[in-house]
A.B. asks: 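Below are the structure tokens for one structure; questions will follow.
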Amino acid sequence: MLNRNEITTRRVATSRLQRKSSKEGEGEEQRRAKMSVELVDGATIRDFVEDETSFNDSVEGRFAALDVNRDGVLSYGEMVQELASLRLLETHFCLDEEETEAEEELRRLHGSVFAKFDRDGSGAVDLEEYRTETREMLLAVAKGLGFLPVQMVLEEGSLLKMAADRESKLLTA
Ligand SMILES: [Ca+2]
């Protein structure tokens with residue numbers, strides 16, 4: 001059973017996800033992904049990335065969770081959930097434009113982000129490609145945020161959520 005707060009958070013967050021992904025044939029898990037709103041600033045993310053051992057553990061855990069067929073690489077289909085969580089970030093930064101954005105545009109965007117991950121163009125993303133691009137992407141987000149904390153809608157299990165959790169654990173320790 002969900003408690004009342006969880007239900008409220010879910011309703012807000014999944015309505016956004018459903019609007020973006022319902023016609024794309026994307027995974028059921030993604031549409032059901034549990035979301036939460038977290039306060040994040042540049043240091044939250046940078047400290048997470050720079051804590052190398054813990055960052056590597058987080059990346060490997062996330063990679064394993066995305067690698068549904070366990071063949072050691074992430075196909076486009078397996079990456080879609082991750083691309084959608086990046087998409088939420090982008091939504092955060094350019095608020096209103098997404099309302100009018102076509103599905104085709106979204107697919108094109110997912111394709112180009114996937115190509116950034118797939119550095120050797122093999123058609124799948126291996127662990128090192130995933131780690132490298134994830135690190136760069138997170139550091140770019142951290143730089144963009146700077147010192148100003150912002151509220152982000154984060155997916156349970158995503159690396160940004162892990163960064164936020166790491167920080168709150170440190171703050172309450
Ligand atoms: Ca795979």
Side-chain angles (χ1 to χ4, degrees), residues 6 9-10 13-36 38 40 44-93 98 101-142 144 152-167 169:
E6 277 174 329
T9 310
R10 268 190 171 203
T14 53
S15 67
R16 297 175 64 170
L17 266 185
Q18 276 163 352
R19 203 174 58 226
K20 296 309 293 177
S21 67
S22 57
K23 286 192 180 154
E24 281 197 285
E26 293 178 354
E28 192 66 19
E29 309 95 289
Q30 183 215 324
R31 255 168 279 158
R32 288 190 187 160
K34 193 171 159 189
M35 315 296 289
S36 64
E38 306 283 343
V40 174
T44 312
I45 299 171
R46 208 166 39 246
D47 292 350
F48 173 70
V49 173
E50 286 171 0
D51 181 353
E52 202 169 328
T53 312
S54 128
F55 178 70
N56 282 337
D57 283 352
S58 301
V59 163
E60 282 158 29
R62 179 66 171 168
F63 186 91
L66 292 171
D67 184 14
V68 176
N69 70 356
R70 296 166 187 251
D71 67 351
V73 292
L74 303 180
S75 64
Y76 179 80
E78 288 171 327
M79 277 289 287
V80 161
Q81 188 181 353
E82 190 76 337
L83 300 175
S85 78
L86 301 178
R87 177 61 192 156
L88 285 178
L89 274 184
E90 175 139 334
T91 299
H92 181 87
F93 289 118
E98 53 124 14
E101 192 176 70
E103 297 285 336
E104 182 57 34
E105 178 70 8
L106 182 63
R107 251 191 299 275
R108 198 187 55 77
L109 185 80
H110 278 177
S112 74
V113 179
F114 181 77
K116 277 194 79 177
F117 276 90
D118 181 18
R119 292 179 167 229
D120 65 6
S122 67
V125 174
D126 66 28
L127 177 61
E128 285 319 309
E129 289 174 326
Y130 180 72
R131 194 197 316 272
T132 303
E133 187 55 33
T134 295
R135 181 187 286 120
E136 284 187 14
M137 177 204 81
L138 289 176
L139 289 174
V141 171
M152 286 188 178
V153 181
L154 300 181
E155 179 203 334
E156 199 66 48
S158 69
L159 288 160
L160 282 167
K161 179 69 165 71
M162 292 182 207
D165 287 348
R166 176 182 175 277
E167 184 177 72
K169 209 182 276 177

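Atoms within each ligand, like the ligands themselves, are counted from 1 in listed order.
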A.B. asks: Salt bridge (Lys or Arg N to Asp or Glu O under 4.0 Å), that's the test. Do E82 and R62 meet it? Break it down for me.
C.D. replies: CA-CA 9 Å; E82 190 76 337; R62 179 66 171 168; 2.6 Å; yes

A.B. asks: What class does the angle between the rings of F114 and Y76 fall in, given that below 30° is parallel, 30 to 60° is tilted and above 60° is perpendicular?
C.D. replies: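 Geometry flag for Y76 against F114: perpendicular rings.
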
A.B. asks: Step by step, work out the side-chain hydrogen bond (donor to acceptor under 3.5 Å, both in side chains) result for E38 and S36.
C.D. replies: CA-CA 6 Å; E38 306 283 343; S36 64; 3.0 Å; yes

A.B. asks: At the Ca ion (ligand 1), what's the angle from N69 OD1 to V73 O, rounded to 10 degrees?
C.D. replies: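 Between OD1 of N69 and O of V73, the angle at the Ca ion (ligand 1) is about 150°.
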
A.B. asks: OE2 (E78) to the Ca ion (ligand 1) to OD1 (D71): angle, nearest 10 degrees?
C.D. replies: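 For OE2 of E78 and OD1 of D71, the angle centred on the Ca ion (ligand 1) reads 150°.
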
A.B. asks: Restricting to N, O or S atoms, which atom of D67 is closest to the Ca ion (ligand 1)?
C.D. replies: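 Output for this pair reads OD1.
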
A.B. asks: Salt-bridge test for E60 and R131: reply yes if a basic N is under 4.0 Å from a carboxylate O, no otherwise.
C.D. replies: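 The answer is yes: the pair qualifies as a salt bridge.
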
